[in-house]
Every structure is written in structure tokens, then in C-alpha cells.
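Heads up: the structure comes next, in C-alpha cells.
Quick caveat: nothing in here was measured; it's all calculated off a predicted structure.
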Amino acid sequence: MKDYGISYIPNANQSFKEPSEPIVSDKLSIQKVNELIDKKLNLFKEDMVSKEELESLIQEILKDEGFQNTNIKISKTPPTYKTEAEVGEIWAVLESKKQLFICISKDEKFTNWVDLLGDGSNDIIPKEKIIITFDNTTTGGQYGGCMSDLRLGFEKGFATPNKVQDEYENAKFTMTKDGDGLNRSDFTIDSNPTPTDNQIVGTIKTSGIYKESYHKIAHVFKKYNGGADECCLWSSSGSREVSIELENTQMPNQLFARGNGYYGQTEISNVKAKKSIFVGEKEVESEDFNVNKLEADSNTYGDYAFLFEISKQEQDSASLKSKKLKSKNTKKSNKE
């Protein structure tokens, strides 16, 4: 019998994250689940199953001694990451594309779903990402100018770069939230940086980097002290975007970098920050944050320093008041 890889029913205490491996439950027979998939596929191919028959079939197979989560919903549309459900709940979709979703985990924000009949492409596993973008523009020197000392600030201060991929224009990195980022630059090169406790993981991307090994975007995390390998370098004069994507963390409260390096200077401008929710590669929700440029004291931050404050947008009180009034007027109108 083919194993569809659905050999688990998670427990309600499972943390919010995508499973890295099947979670086998003692309460549900692996063989019965695979028998269910085989039987369902045959019925679907013959187009012989009704909603009532499907529900009865699933109830019959899943009703195992000690397994209580047998709640099944028949629907014309798949669930979403905001659909309220209990872990183990089944959501069967009986349209032209037949799908059988199971809720694998939930928290106060999201529910996570796996399509038991799918190849993983239709799984609903929402991920929060922090996305920070800015323009980097040549202001002087040779080639396209340099940038260095890139840091992200959190509640304890600036995080310290820990491990970085040695890539030209697309590098994964980790940072330790220790508040010592302005004083340290002792990161190591790693082919696949993986965060540990008190660390964040992210990716930095840009284009047009000068094709020399010690000018890669990874060098933007180095502290510039006059060395040619202590900064990244763009190949030609102009403006280009730099983007930073972070996972497993809250929004940083500050962004710092120096538009300086061995071959010239650059300016950092048009900084934008948002928190987004992705399902697969699709951005399904986003929240913009305020970004304000601050004065960067050269004694603390060095020359050609750019410092930005990032903060949550507050809802406009007048707008909020207007909404409340509109709501009251609507109720009054309904009463009339």
C-alpha cells in the first residue's frame, strides 16, 4: 500500500510551527489512515461519493478507540489560516478538486492545515515575516560605492551578526539579540545559518554587487575600519534596493548602517518596514510600520552613519471616532 506520508494526528499542545517530521499518534492507526486515503481516491475517481457518504466514511475510519477528535466539516471551499478549528478537525472539500484538510496546530493567531490528498503545495501553513526595504544610492568614490556596519535594534539594543552565508547578492544570516552589535563584528561564514536561543534568522538581498569575493553583500555586516574587505561594494554608480526579510522575531525598533567603505560612499533612504503573513509564496496580509530618520552621532556611530527608528502605526483617533459614529448611526437607522 502506498504511504501518503499522513501518518500523524498532532496533539492539541503542539507548538505553532510547520512540522519538520511526521508526528505519530498512538490513538490513530497509520494503516487505517492510509486505507482511508486509498479508498477515498478510488471513490473520487469514480465520482461516486456524496457529502453524506464521505462524512460517514471518514467517521467510520477515524473512529478509533481513544481518538476523540472526529469533527468533520464538508465544504465547497478550503479552510483558511483564520478558520476556527480544533486540532485534528477534518475539512473535506468536494468540488472539482477533491481535498481533505486536517488541522495540525493552532494558536491565538492562526490555524495550520495539511491537505491529506495533496503534495504539500496546497497546505495552509501561514508564516509571519518582517520585511524591511531601502534604497542605496552612490554619493561618491569609485564604482557604485560601499555600505557596512548593518545592524538591527531590539529591546536590548543592536543585535550582533552571528553567522552569514558567503553569497554575492542573496545571503541568509543569523543575529544574536545581545545588545552588543555596535561593538562586535566577529561573525562566521556558514552555508546554512540556523538560529539558536535568543537569535533571529533572516535574508538580505540586493543587485549589482561587484563580482569580487570580498565585496559580497555578506560583508555589509562587517565593521568598517579602513579595510577593503570590510564592506560590500556595488559595481556601478546609481540607486538600487536592499531588502531584509526576518523570521521568528518581532519588528526591530531600529535600523543602522554606514554608507561608507574602502571604495566610496552611499546614501540610505526611502526605508520601509512591514509585517506580512505568507501562505506559501503568496502574501495574504500585511501591516505597515512607521519609519523615522534619526540623528546619528558620529562619536557613537562613525561617519556616514544612517539611523532609523521603526515603530508601530497608531490608529488615527479621528478615524476611529468616525467609525464608531458610523456604527451608531447604522444601528439607529436599523431601529427606525
Side-chain angles (χ1 to χ4, degrees), residues 4-25 27-28 30 32-34 36-37 39-41 43-44 49-64 66-131 247-251 274-288 315 323 327:
Y4 294 89
I6 311 303
S7 58
Y8 64 89
I9 294 292
N11 60 60
N13 295 322
Q14 181 182 342
S15 61
F16 166 58
K17 63 179 180 178
E18 185 175 358
S20 59
E21 59 184 22
I23 305 168
V24 179
S25 170
K27 297 182 178 180
L28 187 65
I30 298 174
K32 285 187 178 181
V33 174
N34 285 313
L36 167 63
I37 303 302
K39 191 171 183 180
K40 269 180 52 56
L41 285 178
L43 287 170
F44 284 155
V49 65
S50 67
K51 291 183 180 181
E52 292 75 16
E53 290 171 331
L54 175 60
E55 184 171 348
S56 177
L57 171 65
I58 298 173
Q59 287 280 12
E60 179 183 347
I61 302 298
L62 292 182
K63 191 175 182 180
D64 192 69
F67 182 70
Q68 303 299 325
N69 294 342
T70 56
N71 186 22
I72 299 171
K73 180 177 178 61
I74 308 298
S75 174
K76 292 184 178 181
T77 58
T80 73
Y81 64 96
K82 289 187 174 181
T83 300
E84 293 185 5
E86 296 300 321
V87 173
E89 182 172 322
I90 301 293
W91 189 290
V93 180
L94 293 181
E95 294 304 294
S96 57
K97 183 177 183 178
K98 307 300 189 295
Q99 296 171 291
L100 183 65
F101 291 92
I102 182 169
C103 177
I104 62 168
S105 65
K106 69 169 188 174
D107 63 10
E108 66 278 4
K109 293 182 179 180
F110 310 124
T111 49
N112 295 261
W113 302 82
V114 166
D115 180 7
L116 299 182
L117 300 182
D119 59 3
S121 61
N122 294 313
D123 293 350
I124 304 168
I125 309 294
K127 291 184 178 180
E128 278 190 344
K129 292 184 180 181
I130 302 298
I131 302 175
E247 299 180 16
N248 79 318
T249 187
Q250 76 273 30
M251 177 68 73
K274 66 178 180 178
K275 178 186 293 185
S276 296
I277 299 172
F278 285 80
V279 175
E281 297 299 318
K282 184 179 180 181
E283 184 182 39
V284 295
E285 191 175 316
S286 68
E287 176 189 3
D288 292 330
Q315 190 172 15
K323 289 180 181 179
S327 176

Task: For D115 against D123, the heavy-atom pair lying closest together - done: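 That closest heavy-atom pairing would be N-OD1, 2.9 Å.
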Task: Considering all heavy atoms, the nearest P79-F101 contact - done: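 Between these two residues, the closest heavy atoms are CD-CD1, 3.5 Å.
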Which distance, rounded to the nearest 0.5 Å, do you find between the [atom1] of [X] and the [atom2] of [Y]?
X	Y	atom1	atom2	result
Y81	I125	OH	CD1	14.0 Å
K274	D288	NZ	CG	7.0 Å
E247	F278	CD	CZ	10.0 Å
K275	I131	NZ	CD1	12.0 Å
T83	N112	OG1	CG	11.5 Å
T111	W91	OG1	CH2	9.0 Å

TODO: Determine, stepwise, if the pair K106 / E84 fulfils salt bridge (Lys or Arg N to Asp or Glu O under 4.0 Å).
DONE: CA-CA 9 Å; K106 69 169 188 174; E84 293 185 5; over 6 Å; no
Inspect the contact between [Y] and [X] and indicate whether a charged nitrogen and a carboxylate oxygen are less than 4.0 angstrom apart.
X	Y	value
K82	E285	yes
E283	K129	no
K127	E281	no

Task: Worked verdict on I124 versus F110 for side-chain contact (heavy atoms from CB on, under 4.5 Å) - done: CA-CA 10 Å; I124 304 168; F110 310 124; over 6 Å; no
Open item on the list: Walk me through whether K76 and V93 qualify under side-chain contact (heavy atoms from CB on, under 4.5 Å).
Closed with: CA-CA 5 Å; K76 292 184 178 181; V93 180; 6.0 Å; no
